[in-house]
Amino acid sequence: MADNPIKSIRVRFAPSPTGPFHIGNSRTALFNWFFAKNHNGQFILRIEDTDKERSKPEFEEDIISGLKSLGLNWDEFYRQSERIEIYKKYLEKMLEEKKAYRCFCDKEQLEIERQAMFSQGLAPKYSGHCRYLKDEAINNLIKENKPFVVRLKVPEEGEVIFNDLIRGHIKFNLNLLGDIVVAKNLEEPLYNFSVVVDDILMKVSHVIRGEDHISNTPKQIIIFRALGAEEPIFAHLPLILNSDRSKMSKRYGDTELRLYLDDGYLPEAIVNFLTFLGWHPKEDKEVMTVSEIIKDFNLKRVQKAGAIFNIEKLNWFNKHYIASMDIYELLEKAVNFVPSEWPLTIQILEAVRGRLTKLSELEKFVEFFFIRPNYPKELLFWKGKEEFTIENMKKLYEFIKESEEKDFLTMDYSPTTGSPLAISCPSTIEKKILGVIPENQKGDYLWPLRVALSGKEASPGPFEIMTALGKQESLERLQIAITKLEKE
Ligand code: GLU
Ligand code: ZN
């Protein structure tokens, strides 16, 4: 099954905690995770926090809790800020082996060089000035404590070629590069360097990351080679775009994963949606469980073209999962979206879940179950017709009063285990009431009944509401409606 049967599959997700967890970046995590799971490999989480100014612990927490919310688990965890000594050792080794050198040029000098190259019509790159400093000169400058960066000796000619699993052969001309800086000083390695050292030490087999990193790849390959290591296999995922094909940005909608979770998008829906941002399964289907995706996941079916982030599609997935997910599981999540003093039940949830796009809408949909509604009397009139409304309501009241509490139950029980299942069958009260209302007067009875129970122009049906409210509360609401009608 593995692409390379000798090497075990090890991938890493390597976020920089310099901002809230981006939903697009969570797709990178997911694809790595699916790839690892599909190959029975390992998934490594590596926090790349060497940029001291921009990295913040709260962003790291946001990333970790986001990954957990999506159900992603990792086999190993590393934090780059705790590995500075390791990078230092490798920097020293490269200096010793003369694969890298200290560059003492200051900003002004470099700027003068750049301008000179520009005016000669050349693409600016480092001149290599310090590459040729004699040992003695270097030692003197070190003694003087003159600050330096570490530069890698990059071959002046030739090209770096790699075979990206998604984008195919990519060629990069070396003479454009110049000697690249790999560390600001021995304690401050730059991103490209620490990534490579870690990918080597962590035995990463595949680097799966966003396409925006493609320009770093040749530099990293040169570093791998300088360190005497073979580079991993690369796979660069397509960009995520707004509907107008511009790069996904806040201006078009939320980019933070946390905001989607807080808004009541279910992790199942988010995962399913993100999986299809650039990937498609063997068979033509859209709704897939995590284990189905794991089984089917393959980088060969990742597209090159940018993937459009379509919120309507995410809404569609979310609606689907809210409507079809196990009701008890949904209840567990849903309670977080209503005030804690509202005792949400599966009956209430079952009555409204078909109308929800996201759980943040739940509160307004269920409010009337917990707070007796206020509504104008006229709303009780079926098609605006007042005649017989009060009589019909009174008949319903008497009829319901005579019924038994258990008529309001609608629970289905599993024939095998006997445990309660989702409510689906009509309740006895529904059958009984429908049995006594004349066929051609349904609206005359059921409209005012529903309004009396919900106070709303549009709501779930009266029987769903009644079974959720129970006999006593249903009767009291009917009485309130009757009193409203009598007060004329
Ligand atoms: N730390 C980098 C980022 O957050 C990713 C590094 C990589 O995947 O190579 O964009
Ligand atoms: Zn220099």
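As the structure lists them, so they are numbered: ligands from 1, and atoms in each ligand from 1.
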Is it true that [X] and [Y] have a side-chain N and a carboxylate O under 4.0 angstrom from each other?
X    : Y    : result
E329 : K333 : no
D135 : K98  : yes
E76  : R10  : yes

CD (Q303) with more than 12 external heavy atoms under 6.0 Å: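 More than 12 within 6.0 Å, yes.
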
Provide the protein N, O or S atoms situated under 2.8 Å from the Zn ion (ligand 2); waters are not included.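 The answer, once waters are left aside, is C103 SG, C105 SG, Y126 OH, C130 SG.
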
List in chain and number order the residues that pass side chain to side chain donor-acceptor pair (under 3.5 Å) with D326, two or more places apart in sequence or in another chain; answer none if no residue qualifies.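 Result, side chain to side chain donor-acceptor pair (under 3.5 Å) vs D326: none returned.
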
Aromatic ring pairing H206/H39, orientation class (parallel under 30°, perpendicular over 60°, tilted between):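 It falls in the parallel class, under 30°.
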
Inter- and intrachain pairs under salt bridge (Lys or Arg N to Asp or Glu O under 4.0 Å), touching residues 58-67, at least two apart: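 Applying salt bridge (Lys or Arg N to Asp or Glu O under 4.0 Å) to every pair that reaches into residues 58-67, excluding sequence neighbours, yields E60-R79, D62-R258.
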
Is there a side-chain contact between F77 and I64, using heavy atoms and a 4.5 Å cut-off?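 Heavy-atom side-chain distance check passes, below 4.5 Å.
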
Between W316 and K313, is there a cation-pi geometry (under 6.0 Å to ring centre, at most 45° from the normal)?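 Geometry flag: set, cation within 6.0 Å and 45°.
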
Distance under 4.0 Å, heavy atoms only, partner ligand 1: which residues pass?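 Answer by chain and number: R12, A14, P15, S16, E48, Y191, R209, H213.
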
